[in-house]
Amino acid sequence: MPGLTIGDTLPDLEVETTHGNIRLHDYVDQSDFTIIFSHPGDFTPVCTTELGMMAAYADKFAERGVQLLGFSADDVDSHNQWIKDIEAHNGGHKVTYPIAADPHRHFIKQLNMLDPDEKDSSGNQVPSRALHIVDGRDKKIKLSFLYPATTGRNMDEVLRVLDSLQRASESQHKIATPANWKPGEPVVISPSVSSEEAKQMFPQGYNTAHLPSQKDYLRFTNVN
Ligand code: BEZ
């Protein structure tokens, strides 16, 4: 059975964190979007750089109405000790977001964050680098990344996909963002929008790519 993925509702779990107990639905209610992300283990190199980078990008996430929640199988005491290393390594950026503790892996399993291949020194499975972006309005997963322990995530890519999700959501999904898109660049008009509708919806105009198929589905417009 596939685990939690795009379109699923986030389970309403109550988890212990470095900021006390948190009920997930109450937490995601507080922001437009919440990034729930797991890491394989405290006091490991890639994880230290990732959680530090999350802290360094905190203002950029907050500007976008986005909050964070980390997750691993380590306990709260371990997280609190490790946070000192994260902050020291990353130029002193404070880890202001909570990190959940799930030593029994009950929640990590339900959140589809367990790596089948990666084990800790006691032979227990550890989380992958999973990342779910949850919409606070309907509590559904809008985007998921799943990376192995050996690949650290790119926070610029996390910001980019947040900008894409927000742009598509504002337009009620009448536009989408193409490959390598960045804010300020042209977007594409969704295939569900007919040419007649597109003329009404995008008075600024749009360019249709000339394709060998002669189909007119690849339409670029500027929405800034
Ligand atoms: C790391 O964070 O560096 C790491 C954690 C688990 C396995 C491999 C790398």
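Numbering of residues begins at 1 and proceeds along the displayed sequence. Heavy atoms only: backbone and side chains are in, while hydrogens, waters and symmetry mates are out. Just so you know, ligand 1 is whichever comes first in the structure, and atom 1 is the first atom listed for that ligand.
Taking the six-membered ring for Trp and the full ring otherwise, the centers of His39 and Trp82 sit less than 6.0 Å from each other.
For Arg105, the side chain to side chain contact (heavy atoms under 4.5 Å, CB included) test picks out Ala73, Leu114, Asp120, Asn124, Val126, with sequence neighbours left out. For Asp138, the salt bridge (Lys or Arg N to Asp or Glu O under 4.0 Å) partners at least two apart in sequence or on another chain are Lys142.
Taking a cutoff of 4.0 Å between a charged side-chain nitrogen and a carboxylate oxygen, Arg64 and Asp32 do not qualify as a salt bridge.
Contact shell of ligand 1 (protein heavy atoms, cutoff 4.0 Å): Pro40, Thr44, Pro45, Val46, Cys47, Glu118, Arg129, Ala149.
Hydrophobic clustering, defined by side-chain heavy atoms of Ile, Leu, Val, Met, Phe, Trp and Tyr closer than 4.5 Å, groups Tyr206 together with Ile175, Trp181, Val187, Ile189, Val193, Met201, Phe202, Val223.
Using a 4.5 Å cut-off between side-chain heavy atoms of Ile, Leu, Val, Met, Phe, Trp and Tyr, with links allowed through other members, Leu4 and Leu146 fall into different hydrophobic clusters.
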